[in-house]
Amino acid sequence: MVERIEDLNLPNAVVTRLMKDALPCDVKISSESRTALTRATSVFVLYLTSAATAVADKKKQKCLTVDHVLAGLEEIEFDSFVDPLKKDLENYRKTMKNKKDKKGDKTENEEPMEEETVED
């Protein structure tokens, strides 16, 4: 387990970057609001993890899956998040598949390099 409750917080840099991406460029973020949002997001992630773990336990499964997380969202009454997350997950999977396919195509299309011999 963790030694301090602060160890459970998400990294400040990550939360700050997400906040800046979501706000207009001319909006400044106070240090207190960054801290408050970091703690709030950490609490939400822990709450959702707990709900998803409960779903997995009910199904007698030890590995948390996307389905457990989505069911956990419904359990904590965040049903409106489920459909957008499913769409984002589908897009993510397509992107990862395309990247994998492109990487596979590169290695298949590359011909082995012939060694050059230097004659003296």
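It should be emphasised that the depicted structure is a prediction, and the values quoted were computed from it without experimental measurement. Any value given below was found using the heavy atoms of this structure, including those in side chains, with hydrogens, waters and symmetry copies removed.
- Across all their heavy atoms, Leu73 and Val82 have their closest contact at CB-CG2, 4.1 Å.
- Contact check for Met19 versus Ser33: side-chain heavy atoms found under the 4.5 Å cut-off.
- Contacts classified as salt bridge (Lys or Arg N to Asp or Glu O under 4.0 Å) and involving residues 64-92 (residues at least two apart or in different chains) are given here: Glu90-Lys94.
- Across all their heavy atoms, Val55 and Gly72 have their closest contact at CG2-N, 4.1 Å.
- For the atom pair Leu48 CG and Thr53 OG1, the distance stands at 9.0 Å (nearest 0.5 Å).
- Within the structure, no pair that satisfies the ring-ring contact (aromatic ring centres under 6.0 Å, His included) test touches residues 12-34, not counting sequence neighbours.
- Phe78 pairs by the ring-ring contact (aromatic ring centres under 6.0 Å, His included) definition with Phe44, Phe81, not counting sequence neighbours.
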message: For Asn12 and Arg34: C-alpha separation, side-chain torsions, deciding distance, then whether side chain to side chain contact (heavy atoms under 4.5 Å, CB included) applies.
response: CA-CA 7 Å; Asn12 284 333; Arg34 264 185 260 157; 6.0 Å; no

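- Residue Val15 is grouped with residue Val27 when hydrophobic side chains (ILVMFWY) are merged at heavy-atom distances under 4.5 angstrom, including chains of intermediate members.
- Residues Ile76 and Ala51 come closest through the heavy atom pair CG2-CB, 3.7 Å.
- To the nearest 0.5 Å, the span separating CZ on Arg39 from CG on Leu10 amounts to 12.5 Å.
- Taking each heavy atom of His68 and Cys63 in turn, the nearest pair found is CE1-O, 3.2 Å.
- By the rule that hydrophobic residues join a cluster once side-chain heavy atoms approach within less than 4.5 Å of another member, Tyr47 and Val66 end up as members of one cluster.
- Linking Ile, Leu, Val, Met, Phe, Trp and Tyr residues whenever their side-chain heavy atoms come within less than 4.5 Å leaves Leu46 and Leu18 in two separate clusters.
- Side-chain polar atoms of Thr38 and Thr35 form no donor-acceptor pair below 3.5 angstrom.
- One N or O on the side chain of Thr41 and one on the backbone of Leu37 form a donor-acceptor pair closer than 3.5 Å.
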